[in-house]
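Take a look at the structure below.
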Amino acid sequence: MTVKQVNEAELLAQVGRCMFGERLLIEHEGRRFSARVQHVGATGVKVVPETDLLEHEGAPGDINGVTVSYNEIKEVEVDGITYRLEEG
């Protein structure tokens, strides 16, 4: 897998390409977690934490995600490439 260090503008451009199920790394309320995209919106991204997916036994549409702001996204995987926000 290829990992690219990118600036915030490039990371957000890649998030805009996301479709349902793409993986994001989120930093939300002081903790980091991996999540899957449910919906990309104008003010943020609705995601389902991967731990919720592992523990879920119902139908796929039964999970309610959480909306996170774009500035909480630290990396995104699109087409086999991981785009990681440059630190600093």
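The shown structure was predicted, so the numbers you read here are calculated from the model rather than taken from an experiment.
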Exercise for the section: Could you tell me which residues satisfy side-chain hydrogen bond (donor to acceptor under 3.5 Å, both in side chains) with Arg23, sequence neighbours excluded, listed by chain and number? Expected result: Ser34, Glu75, Glu77
Exercise answer: donor-acceptor pairs, residues 24-31 side-chain atoms, under 3.5 Å, sequence neighbours excluded:
residue, atom, partner, partner atom, Å
Glu27, OE1, Arg32, NE, 2.8
Glu27, OE1, Arg32, NH2, 3.2
His28, ND1, Glu72, OE1, 3.3
His28, ND1, Glu72, OE2, 2.7

Exercise for the section: Nearest 0.5 Å please: distance from the OH atom of Tyr83 over to the CD1 atom of Ile73. Expected result: 14.5 Å
Completion exercise
Residues at least two apart in sequence or cross-chain that pass side-chain hydrogen bond (donor to acceptor under 3.5 Å, both in side chains) with Glu8, listed by chain then number, are none
Handout entry: Cluster check Val48, Val45: I/L/V/M/F/W/Y, side chain < 4.5 angstrom
Key = no
Identify each donor-acceptor pair in which a side-chain atom of residues 14-22 lies under 3.5 Å from a protein atom, sequence neighbours left out, and give them as a table.
residue, atom, partner, partner atom, Å
Gln14, OE1, Arg17, NH1, 2.7
Gln14, NE2, Glu10, OE2, 2.8
Arg17, NH2, Asp79, OD2, 2.7

Problem - side-chain contact (heavy atoms from CB on, under 4.5 Å) between Arg36 and Glu50, worked out - result: CA-CA 7 Å; Arg36 296 292 174 157; Glu50 287 190 330; 2.6 Å; yes
Practice task
Group every Ile, Leu, Val, Met, Phe, Trp and Tyr by side-chain heavy-atom contacts under 4.5 Å, then state whether Ile81 and Val6 land in the same group.
Solution key: yes
Practice task
Indicate, with yes or no, if Leu11 and Val3 share a hydrophobic cluster defined by side-chain heavy-atom contacts under 4.5 Å among Ile, Leu, Val, Met, Phe, Trp and Tyr.
Solution key: no
Completion exercise
In terms of heavy-atom contacts, Ala42 and Tyr70 come closest through O-CE1, 3.7 Å
